[in-house]
Every structure is written in C-alpha cells, then in structure tokens.
Protein chains: 2
Amino acid sequence: MAEPSTRTVERALQLLGSVCDAGFLTLADAARGTELSASTALRLLRTLESTGFVRKDDEGAYRPGLRIVQLGAQALSHESIISLAEPALDRIVEATGESAYVNVQAHHGPGGDHGLYIAMREGTHSVRHSSWVGRTVPMEGSASGAVLSGKTPQAGYVVVDRGVEADVTAIAAPIAVQTHAPDGTTTGTRVIAALSVVAPSYRMNPEKIRTIGELVAAEAHNVLTAYQQENQP
Amino acid sequence: MAEPSTRTVERALQLLGSVCDAGFLTLADAARGTELSASTALRLLRTLESTGFVRKDDEGAYRPGLRIVQLGAQALSHESIISLAEPALDRIVEATGESAYVNVQAHHGPGGDHGLYIAMREGTHSVRHSSWVGRTVPMEGSASGAVLSGKTPQAGYVVVDRGVEADVTAIAAPIAVQTHAPDGTTTGTRVIAALSVVAPSYRMNPEKIRTIGELVAAEAHNVLTAYQQENQP
DNA sequence: AATACACGTTTCAATAAGTGAAACGCAGTG
DNA sequence: CACTGCGTTTCACTTATTGAAACGTGTATT
C-alpha cells in the first residue's frame, strides 16, 4: 500500500494552509489557489469554519480560526526543544542585541525540504530583524538550512550573508546528536534543530561574525547537553 | 442550507484535535477517542501525516506535526491583538512580577464556550504561574471567562480566587469596543479580548488585588486605544 | 441605463471516493 | 500454548463527495 490518502481531507488541509499563508482569503481566491471548484471550496471551508479552524471576518473573508491557534500553541508547548533553548536565546540576545531563533527541519514532500522557525527572541537594537516564527526558508542558501542538512564546517557554525533576504546576515549552529546502531556503535549525527542569529549586514564585520558564531555554537552545545539530560537518565 | 459539513474532513480534524490535546496518541487510542474504526482512523492519520500535520515518533505513536506548529504560529502572528497587547503585558509583568495573559473567546459548539489563552509573558517571581498558552478554560468560574462574557462589574475588573486551579488567583479586565448600528447609534459592547494576571493566592491580599486590578484595567484600556487607532483612520 | 462580469450560494445527478467488517501477522501476557 | 490487543491490508458496498449549471446580487464597463 503506497499512499492511501483521502482526497477530501487533503483538499481541506490545503485550503487551511492557503488561508493561513495568506492571512485572509476570499472564497474565490481560495478556490483558485487550490484549483478547486467554488462549490467544493465553499463546502470544505464551511466544514473548517464549523470546527473553528477558520473563521469569516466582517468582510466575509476567511481567516485562520482560533482552533488552529490553539492546536499550534499546544503543539509548540509540547516541543521540548523550545523550552530547552529559550535560556540560550536569552543569553544570545543579551550578549549580541540581535534577534535569535530556533529552527527545525520541516519536511514537506514536493518543492524540497524547508527549515521552519519555531521560536525566537527579539533583539534589542532598534533596527532589528523580527517575527519569523512560523515562517519557512529553503534549505538551500540559508545558514540554518545548511546547518540543518548537516553541512556544518569545522568551525561549528555557518554564515550566510544576504541569503534569504537582502542586507541580512544569518549565523547558525547545529544542535546535533550522535545516532547509534543497536549494538552501540556510532553511526552518524542527526541534527535535531539549529540555533541562529539574524542581523542587518551593515552591522556585521568579520570579527563580530566570529564572536557571534562561536557564541551560537557554544549555546547550541549547551542546549544539546540539556536535551540529553532530559532524554537519558 | 443548514450545515453541509463533510464528514470525512470533520473526522480528520477531530483526529488532529485528539492528537494535539493528548500530545501523543497510539492509533488504537485515537480510534477509540473519536469512535472511528481502526482502518478509518489509520487512513485519516496517514493523510494527516503525509501533509505534516501529525508525525509518528520513534515508538510509533502519533504526535502533532510541524505543519500545525507552523500554521498556528502564522495564525498567531496575524492576530493583531497580540502585538498590540504585548507592551501592556510587559508593563504588567514589570510592575507586578506576576505572569500576564491575553485571552479570547473560543467558540466550539458542544460543551459550552471556552476562553483561550493566546499570549503570555512570564512573571519574574521564582514561584510563578507559567505556560498556559494554547490552553482553554471554561467561561464559568474563571476571571477571564466572566470578563469575556461581558460580566464585568463597575470596578472594571474581575477577581476569581481558586477558580480553575487551586491556590491560584486570577484577575482579568476586558478589552471591549462599542458596537454601532448602521445609523451610528451605540447598540452595546463587544469584548474582543481579556487581559489577565494569574498568581499564587498566597501572595495576594485585598490591597494588592486592588492595585493589580486597576493596573490590568488601565492597561486593557491602553490596548483598546491602540486597537482603535489601528482600525479607524 | 444597459451590459457584462465576478462573487457567493444552492441544487442535483453521476460516480468516484470513503467506509467498516473481516482476516492476517505479530508481540506481549497469563 | 491459547489469548488478547495492536497495526495493517484487502475488498465489496454504498454513501458521501463532487462539479457543472443555474440563480441572485453587487460592482465595474460600455
């Protein structure tokens, strides 16, 4: 049995995704975006609406509903890596003034893998990078993407200048665990998340980048230690 | 046309909700919890899995997936009330040391209405109330519930001692807008959210409660002003 | 004004799609 | 060894989903 997916549900979830991506969507737009007939889109959106996953605003457009907010928040709170990483984020922000993030790998089938920002702490500089939580970035060409795919060089961190966004420099380090075969031998490493700093490029220079890079790598290691303590004893 | 809901989608969403509520669920548990046959539950969970809404962990149990995290975070970031309220939360925490929250009304059909915590700022006391984001509380017997249903007394805030949780006192104030008829006459008020402080009861006394209550009410009013500025000009 | 267009909505017949009982292999338990 | 519960697969039944078409309404276009 290869992939016995129920089409109806797939379509509904696609619709839900469209609405969340766009922030708000009219019925016709939603139908076009998902290539569904208006009647089908309407029926599915009504189902999503009656279950609280979307809602209709005053203008009659569909918006993300509170249920999705609730489930997302619950899911986030069950991601133990976030609570483990929060102290590290705080320390990074305190030391650098720049915004700091936690990323994980989000594996959606077609279109390639992406990285997903699941937590952040805002920097203190008045010009700062902000609010990427919930956003995905391509694995190619982003610092966190490189780190998540295991392409971290000796230095322990990756720097990408003007990768995803212009005028922005990203510095990322992996939180990686050793994987073991049943007999106990080490088989490789698995990156469970990445810690990253995203800052305006004009504020960076080689020295600062090295300082931040080493800090992020060190904090990533701290998070790893906390993670292992939670999962081993 | 009364309620043309698609059964398949409803079931899938129900399944998704179960998994998120429980944190992790085995197939059999999920099937029982939703009263579905094992084969149907399996098929739907597989669909949810292939779209990233749930995932199977190492033990083969279903857990909330990253897609739900992503959409939830996106939806949260589109809730403008949160960003408007964050400065107020900060100020409340700074002034009181207690955890502060934003609640909205989550209207799920059966089982009655509930309030939903959609944002919070942690208090600074070492003993503090923490991490209710994503959680729902009954409208009856909770301070934020009372406030959300419009039952705010003259004082402008509601206090509930040991309502939802033992040894916890909650103080809530409404963020309410006037509603108007087409002709411009005021028809009533609509509570769009609530601001609340949740603290260990042993730390409270009548005087402190009054201070906090007035602060929360004042900050709620600040948020309202910011909200109206954003939606009027 | 008259026309054309796009949107949200409803209806309905065709059939594609979802359903659950049953059967299977497996692992743990008494 | 028999027994129970789990995850999984298969398959015939039929129900629930589907999309074209038609409608009313409001908004551009002429």
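Keep in mind it's a predicted model, so treat the numbers as computed, not measured. Protein chains get the first letters and strands the later ones, always in sequence-line order, with residue 1 at the start of each.
In terms of phosphate contacts, Thr40(A) brings a side-chain nitrogen or oxygen within less than 4.0 Å of OP1 or OP2 of dG19(D). Considering only side-chain N and O atoms, Thr6(B) lies nowhere under 4.0 angstrom from the phosphate OP1 or OP2 of dA16(D).
Between Tyr62(A) and Val9(A), the one whose closest nucleotide on DNA chain C sits nearer the 5' end is Tyr62(A).
For the pair Glu10(A) CD and dT18(D) C1', the computed distance is 16 Å after rounding to whole Å. Taking atom CZ on Arg43(B) and atom P on dG20(C), their separation rounds to 8 Å, with Å as the unit. Note: CD (Glu59(A)) to P (dC7(C)) measures 17 Å, nearest angstrom. Put simply, CG on Leu45(A) is 15 Å from C1' on dT18(D), counting in whole angstrom units. When the P atom of dG8(C) is taken as reference, atom CG of Asp57(A) falls 12 Å away, rounded to whole Å. Rounded to whole Å, the distance from CG on Leu36(A) to C1' on dC7(C) is 17 Å. Straight-line distance from the CG atom of Leu42(A) to the C1' atom of dC23(D): 15 Å, rounded to whole Å. Taking atom CG on Leu25(A) and atom C1' on dG8(C), their separation rounds to 15 Å, with Å as the unit.
Of the candidates dA16(D), dT8(D), dG20(C), dA16(D) carries the atom nearest the Arg7(B) side chain, counting heavy atoms from C-beta on. Residue Leu27(A) has its side chain nearest to dT9(C) when only dT9(C), dT18(D), dG7(D) are considered. The Arg46(A) side chain lies nearest to dT9(C) when the options are dT9(C), dA16(C), dT19(C). Of all nucleotides listed (dT9(C), dG7(D), dT17(D)), dG7(D) comes nearest to the side chain of Thr26(B). Taking every side-chain heavy atom of Ala38(A) into account, dT9(C) is the closest of dT9(D), dT9(C), dA17(C). In this structure, the nucleotide among dT9(D), dG18(C), dT18(D) sitting nearest to the side chain of Leu44(A) is dT18(D). Listed nucleotides: dT9(C), dG19(D), dA17(C). Nearest to the side chain of Arg11(A): dG19(D). Closest to the Arg32(A) side chain, of the nucleotides dT8(D), dC7(C), dG20(C), is dC7(C).
Between the side chain of Ser142(A) and the backbone N or O of Gly145(A) there is at least one donor-acceptor pair closer than 3.5 Å. Formation of a donor-acceptor pair under 3.5 Å by the Arg55(A) side chain with backbone atoms of Pro64(A) is found in this model.
Between the side chains of Thr40(B) and Ser37(B), at least one donor N or O sits under 3.5 Å from an acceptor N or O. A donor atom on one side chain and an acceptor atom on the other are found under 3.5 Å apart for Thr47(A) and Thr6(B).
Within the nucleic acid shown, Ser37(B) comes within 4.0 Å of at least one base atom, counting heavy atoms only.
Electrostatic pairing of Arg121(B) and Glu86(B) counts as a salt bridge here, judged by a charged N lying under 4.0 Å from a carboxylate O.
A donor N or O paired with an acceptor N or O is found under 3.5 Å between the base of dG19(D) and the side-chain atoms of Ser39(A).
Exactly one of Thr225(B), Ile192(B), Val102(B), Asn222(B) qualifies for a side-chain contact (heavy atoms from CB on, under 4.5 Å) with Ile175(B). That residue is Ile192(B).
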